[in-house]
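On a predicted model such as this, the values are computed, not experimentally measured, just so you know.
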Amino acid sequence: MQAVPREFQVATLPADDPRFMAALDLQIAQMRRVLELMAPTTGADALRSLRDAFPNAPFEERARAVAGQRA
């Protein structure tokens, strides 16, 4: 894993920025990959796993990842 430089700063993207949807889609894809690898047996297990793996992701994003995985 790469170390993050100390001068690294996170900038919040406004929802109308085209990069916002790309970043959101990427994070949801990463969450779905975690679910594939972990193969949780219930929706609650899946949400718990994503909360542990992505603690800063909003619940809505985690729920979308789980919904897409179960479809």
Side-chain angles (χ1 to χ4, degrees):
M1 185 182 329
Q2 293 180 333
V4 177
R6 291 191 185 269
E7 65 275 355
F8 179 80
Q9 293 181 359
V10 175
T12 303
L13 293 173
D16 61 347
D17 188 318
R19 297 173 297 169
F20 177 83
M21 286 307 295
L24 181 61
D25 289 342
L26 176 62
Q27 184 162 10
I28 290 173
Q30 291 170 335
M31 289 180 189
R32 287 181 179 155
R33 182 65 181 143
V34 166
L35 291 175
E36 282 178 26
L37 294 172
M38 297 182 78
T41 56
T42 67
D45 287 340
L47 285 171
R48 193 174 306 110
S49 297
L50 289 180
R51 186 186 61 221
D52 292 343
F54 300 91
N56 295 327
F59 174 77
E60 180 182 1
E61 289 177 26
R62 296 190 308 260
R64 285 175 57 185
V66 170
Q69 187 68 21
R70 299 210 176 267

Minimum heavy-atom distance between A57 and M31, given as atom pair plus value | CB-CE, 3.3 Å
Can you measure from CZ (R32) to CD (Q30) and round to the nearest 0.5 angstrom?
-> 12.0 Å
Are the charged groups of R33 and E36 less than 4.0 angstrom apart, N to O?
-> yes
For residues 13-29, dump all side-chain donor-acceptor pairs below 3.5 Å to protein atoms at least two apart in sequence or in another chain.
unit_1: D17; atom_1: OD1; unit_2: R19; atom_2: N; d: 2.8
unit_1: D17; atom_1: OD1; unit_2: R19; atom_2: NE; d: 3.2
unit_1: D17; atom_1: OD2; unit_2: R19; atom_2: NE; d: 3.4
unit_1: D17; atom_1: OD2; unit_2: R19; atom_2: NH2; d: 2.8

Donor-acceptor pairs under 3.5 Å, side chain of residues 45-54 to any protein atom, not counting sequence neighbours: which ones?
unit_1: D45; atom_1: OD1; unit_2: R48; atom_2: NH1; d: 2.8
unit_1: D45; atom_1: OD2; unit_2: T41; atom_2: OG1; d: 3.1
unit_1: D45; atom_1: OD2; unit_2: T42; atom_2: OG1; d: 3.3
unit_1: S49; atom_1: OG; unit_2: D45; atom_2: O; d: 2.9

